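Small disclaimer: the values here were computed from a predicted structure and weren't measured. Here, residue 1 is the first one in the sequence, and each next residue gets the next number. One-based numbering, in listed order, for ligands and for the atoms of each.
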Amino acid sequence: MANTTKIPFLDLISPHRELKAELLSVVEKTLDTAGFIGGAMLDEFERDFARFCDAKYCVGVNSGTDALRFAFMAAGVGPGDIIVTVPHTFIATTEAISQAGAQVAFVDIHESTYTLDPEKLREYIETRCEFDSRNGKLVERASGRRIAAVVPVHLYGQTADMDPILELAERYHFAVIEDACQAHGAEYFSKRANAWKKAGSMGCAAAFSFYPGKNLGACGEAGAVATSDEAIAQRMKMIRDHGQAKKYYHDIEGYNGRLDAMQAGFLSVKLRHLAKWNEVRRDLAHRYHELFMEAKGSVVVPREAPWTKGIYHLYVVRVQDREALQAQMSAAGIGTGIHYPIPLHLQKAYQHLGHKMGDFPVTERVAAEIVSLPMFPQLTHSQQKEVAGKVLEFVTSKIGAAR
Ligand SMILES: *Cc1c(COP(=O)(O)O)cnc(C)c1O
């Protein structure tokens, strides 16, 4: 067995080597001015990232998880409220809901996009909730709690189907907060607006993560909220900075959740390359699609819905017997991942919600079959061919064995 990785799942070394001089100049500038917190580098990044998302404001924070939590609070979600999201996401989405004092409720994903299924959201609202038109509140019947917000997760770099979700939001008066932590630059064609919309510009606020492995990654922890709502942006700024709009005048209790100036500087350097990197990821994804054509369905490739332009944070396929595939890939020195193996409703952390196997069948089916293949802008065509070749070898040998 090979124990050295020939083709890594993710290469974080090369992009930083290429940008080393520019990144080091950010460090020097920071040290020379001791501008560690706030200041021009932060302002510049916030302005440029807001522009990149077609949003009016961007408020930098210390992680994607806090971006979500602060956005919920800034949007007026309070203790006892319900926030609806999908069980097929990274746990940060639901951690942030609980940390904001709200209750998690799950709605299943769509089988071909892996994002929130608007039909299932409608069904949840129409069968489990009651809308009081006098006070404009949507309330879950069993718990009597208000549905304050819905969080579509733009998973793997593909946006959720936002039009029907936003229509429901208008009809039933809940906030839509996008989890765009995997979708920097992804686009959605809105029929309602008859225009392409950027991830982060559709809900009342959107959370981004700049964890190093994301399409736009810091050299450490970082996140941001994009919004075009001035009141939400103002509240975000207070919440991330101890509830103060002015030093030592605390209108509310907040958090220490600011984005470091140095990380903002690194992010500005990398933001200039993001559109190009995303294009390369799209090209790589389309090459993978073609390479897997000959598998005739035994490798289910990501389906890009006509209303989306994905930025392939991850390239996720579905195969039978994926643990065996992973073992074979790893023996060949090829890195793979699973995003995510255990649906959130079946995690020990959410036992108190009382869910069981079978409650969200699409999520459960998908979680059992997915494998993420190497996907990063520096992946070469020949490496990619080798990855696809190994996967095809695996599925063909399985078909042979079954005969
Ligand atoms: C990465 C991620 C987060 C959390 O971001 P951090 O910066 O790691 O806190 C939240 N949601 C999703 C879908 C993510 O992929």
Protein heavy atom at shortest distance from atom 9 (O) of ligand 1: Thr65 OG1, 2.5 Å
Close approach of Lys214 to ligand 1, heavy atoms, under 4.0 angstrom: yes
Atoms of ligand 1 close to Thr93 [distance to a heavy atom under 4.0 angstrom, numbered from 1]: 11 (N)
Close-contact set for ligand 1 against Ser63 heavy atoms, below 4.0 Å: 7 (O), 9 (O)
Pair Phe360 and His355, ring centroids less than 6.0 Å apart: yes
Ligand 1 to Gly64 polar contact by distance, N or O atoms, under 3.5 Å: yes
Within the 6.0 Å centroid threshold, strictly below: His173 and Phe131: yes
Atom indices of ligand 1, in the order listed, that fall short of 4.0 Å to a heavy atom of Cys181: 2 (C), 3 (C), 10 (C), 11 (N), 12 (C), 14 (C)
Nearest-neighbour protein heavy atom for atom 13 (C) of ligand 1, which is reported as residue plus atom name and distance: Asp179 OD2, 3.5 Å
His242-Lys247 side chain donor-acceptor pair, cut-off 3.5 Å: no
Near-ring test His184/Phe210, centroid separation under 6.0 angstrom: yes
cation_pi(Arg318, Tyr114) dist<6.0 Å, angle<=45: no
Contact partition for Ala92 relative to ligand 1, non-hydrogen atoms under 4.0 Å: side chain
Glu290 vs Arg287, salt bridge (Lys or Arg N to Asp or Glu O under 4.0 Å): CA-CA, chis, key distance, verdict: CA-CA 5 Å; Glu290 272 167 34; Arg287 281 176 53 84; over 6 Å; no
Nearest-neighbour protein heavy atom for atom 8 (O) of ligand 1, which is reported as residue plus atom name and distance: Ser209 OG, 4.0 Å
Leu353, Val84, Leu116, Thr89 screened by side chain to side chain contact (heavy atoms under 4.5 Å, CB included) with Phe106, the one that passes: Leu353
Ring centre gap for Phe208 and Phe49 strictly below 6.0 Å: yes
Numbering as shown, the atoms of ligand 1 that approach Thr89 to under 4.0 Å (heavy-atom distance): 13 (C)
Heteroatom distance test (Glu221, ligand 1): nitrogen or oxygen, under 3.5 angstrom: no
